[in-house]
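A quick write-up on the structure given underneath.
Along the sequence shown, the residues carry numbers beginning at 1.
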Amino acid sequence: MSVESAIPAPAASGPGPLRTPPLVGGGAPLLGHAWNLVRDPLGFLAALRDHGDLVRIRLGPKTAYAVCDPELVGAMLKNPEYIVGGPLWDTLEVLLGKGVATSNGRLHRRQRRMMQPAFRPERIADYAKVMEEEARATAARWEPGSTVDVGAEMFRTAVRIVSRSLLEVDSIGEKADRISASLHTVFDGLYRRMVLSVGPLYRVPTPANRRFERALADLHAIVDEIVAERRAAGPGPDDLLAELLRATDESGAPISDQEIHDHVVSLVVAGAENVASTLAWAFHLLTEHPEQERRLVEEVNSVAQGRAITFADLGELRHLRNVVTEAMRIRPAAWIFTRRSVAETELGGYRIPADADIVYSVYAMQRDPRSFERHLEFDPDRWNPERASEVPEFAMMPFSVGNRKCPGDHFSLAELALILGTVAPKWRLTPVDETDTGTRIGITLHPKRLVLRAEAR
């Protein structure tokens, strides 16, 4: 199996009476299992598979359904009876609005058709020129012996790439740090709001709530600045923002300023936060596995012969691609997702009532020992063809599947490989005292503080 493999729909379950999924024990009074999702979410979600392929958990007063089996997750994602909704998306709407990430039905289909041309394969080669430039600029910024906040550097690079490629905004450099600071604060706050459904408490003006509201307001203000700057500049490059500015709705009227705003927020969030987090984890994993780092550097040097790699080289860089894929498997950025059933339905022989919230975790699935041999080991060679074919369908889905598959998957894969393959051969990175590679848990996962010393190779 590969990340890009075609994934057939699984066979329907056989006839028979529908069962009620087992209820997981434990939980705290009033909060239920929401307390587990605050205290140790990764451990809790991974342990759910021991209770069954599909189980019930309590999130405050509500019952939610947790899907732990990859085949059932794949069946759910391909079934129109389950829509984007539930605690995650209800919470994310305050950030993403009604953009392509959160919409459903006809609106989602229209929005996806509108954005898809920007991610056609032939466009990726054009975007790759920007990726190559920004990767080289990042590698050139560092000084031998200096300490580098790799997480912050990767976010800045990813913001510049998505903005220059898809939005073409001249002032993005000065906005990148503001976007980074705002997103980290917002994502941390959104996660707690998702699992602790105590909405009125978030209106209390505590320091944490005030920080969250300031960060959210600043992020939306930056996006408004980006759109206003582009409008004022007049006709520009034929990029995704240009498509949005001239797009129309079903009636032929221009889409609203709010819809344009929501799409830009979704692009910046997905195109920067997820890529930056994956790169930070990839660099961390290479510091822990010097043999994999050595192989990656030797492969790049063999292909590039002393120059920086280009998009045209990626087909020859199998180990680099495997490192990227394995980093996405063992350290996914986006790790928890929710869906909502639109009617009473069946999943794996279990009855799912209408309007039920469903939770699944790609972090838990991609570390499932039933799907992956030596599941906790960083092993890029597992993605060589002879071994990858043994991985079950749906066990690896960093970009989702079906009509909700990320339209920018090829864009992101090229970006990840070009940045990692440009920076790693130039710099040997080692941790310093202030490094904290514990997991910072929010809507996405990233190292708490990845400070590394850069030594020229």
Side-chain angles (χ1 to χ4, degrees), residues 41-42 95 131 134-143 145-163 172-191 211 215 218-219 222 268-289 292-293 296 323-324 326-336 363 378 398 412 415-424 426-455:
L42 302 180
L95 171 63
M131 299 175 190
E134 292 296 338
R136 293 167 191 165
T138 298
R141 264 199 310 273
W142 304 347
E143 295 291 336
S146 63
T147 57
V148 179
D149 185 333
V150 173
E153 282 287 291
M154 292 304 104
F155 191 90
R156 184 175 188 271
T157 301
V159 168
R160 288 186 58 84
I161 287 172
V162 73
S163 302
I172 196 59
E174 66 191 56
K175 293 179 171 62
D177 291 339
R178 284 173 60 196
I179 293 172
S180 178
S182 296
L183 267 183
H184 284 318
T185 302
V186 168
F187 273 24
D188 290 348
L190 285 175
Y191 178 71
R211 284 194 300 272
D218 191 44
L219 185 63
I222 296 169
V268 172
V269 170
E273 179 70 15
N274 291 352
V275 166
S277 174
T278 300
L279 284 167
W281 285 123
F283 281 111
H284 163 60
L285 288 163
L286 290 178
T287 67
E288 290 193 323
H289 299 83
Q292 300 295 345
E293 180 189 41
L296 185 152
V323 167
V324 168
E326 180 69 346
M328 289 191 295
R329 180 193 74 85
I330 199 167
R331 290 291 192 175
W335 60 285
I336 186 169
Y363 180 94
F378 177 66
S412 296
E415 181 180 7
L416 289 165
L418 285 169
I419 295 172
L420 188 63
T422 299
V423 174
K426 182 169 183 177
W427 297 104
R428 178 178 292 104
L429 301 173
T430 55
V432 296
D433 289 344
E434 56 263 49
T435 300
D436 183 352
T437 56
T439 303
R440 182 173 178 175
I441 296 174
I443 297 297
T444 56
L445 304 176
H446 45 88
K448 288 183 177 178
R449 183 165 171 74
L450 189 62
V451 179
L452 303 178
R453 189 175 307 283
E455 298 290 349

Point-to-point distance, once rounded to the nearest 0.5 Å, from CZ of R156 to CD1 of I161 = 11.5 Å
Check: W281 and T439 side chains under 4.5 Å, non-hydrogen atoms = yes
ask   = At their closest point, which heavy atom of I222 faces which heavy atom of R178, and how far apart are they?
value = CG1-NH2, 3.2 Å
Closest heavy-atom pair and its distance - F378, I330 = N-CD1, 4.0 Å
inquiry  = Using every non-hydrogen atom in the two residues, find where A282 and A327 come nearest and quote the distance to one decimal.
reply    = CB-CB, 4.0 Å
query = Would L42 and Y363 count as a side-chain contact (heavy atoms from CB on, under 4.5 Å) if you check the C-alpha gap in whole Å, the side-chain angles of each, and the deciding distance to 0.1 Å?
reply = CA-CA 8 Å; L42 302 180; Y363 180 94; 3.8 Å; yes
request  = Output, in order, the C-alpha distance, side-chain angles, deciding distance and verdict of side-chain contact (heavy atoms from CB on, under 4.5 Å) for T278 and F283.
outcome  = CA-CA 9 Å; T278 300; F283 281 111; over 6 Å; no
Exam field: side chain T287 to backbone H284, donor-acceptor pair closer than 3.5 Å = yes
note = Closest heavy-atom pair, W427 versus E143, reported as atoms and distance to 0.1 Å, is CH2-C, 3.8 Å
message = Would L296 and L420 count as a side-chain contact (heavy atoms from CB on, under 4.5 Å) here? Give the steps.
response = CA-CA 9 Å; L296 185 152; L420 188 63; 4.1 Å; yes
task = Begin from the C-alpha positions of L429 and W142 and carry the test side-chain contact (heavy atoms from CB on, under 4.5 Å) through to its verdict.
result = CA-CA 11 Å; L429 301 173; W142 304 347; 4.0 Å; yes
request  = Report yes if some heavy atom in the side chain of M154 is under 4.5 Å from a heavy atom in the side chain of V275; otherwise report no.
outcome  = no
ask   = To the nearest 0.5 Å, how far apart are OG1 in T422 and CD in E134?
value = 11.5 Å
Distance-minimising heavy-atom pair for I419 and A135 = CA-CB, 3.9 Å
task = Could you tell me whether the side chain of S277 and the main chain of N274 form a donor-acceptor pair under 3.5 Å?
result = no
Worked check of side-chain hydrogen bond (donor to acceptor under 3.5 Å, both in side chains) between T138 and R160 = CA-CA 11 Å; T138 298; R160 288 186 58 84; over 6 Å; no
task = Of all the heavy-atom pairs spanning S182 and D218, show the shortest one and how long it is.
result = OG-OD2, 3.2 Å
task = Might you work through the salt bridge (Lys or Arg N to Asp or Glu O under 4.0 Å) test for R141 and E153, ending with a clear yes or no?
result = CA-CA 10 Å; R141 264 199 310 273; E153 282 287 291; 3.0 Å; yes
Contacts under 3.5 angstrom, residues 442-455 side chains, donor-acceptor by atom type, not counting sequence neighbours:
unit_1	atom_1	unit_2	atom_2	d
T444	OG1	E273	OE2	2.8
R453	NH1	G145	O	3.1

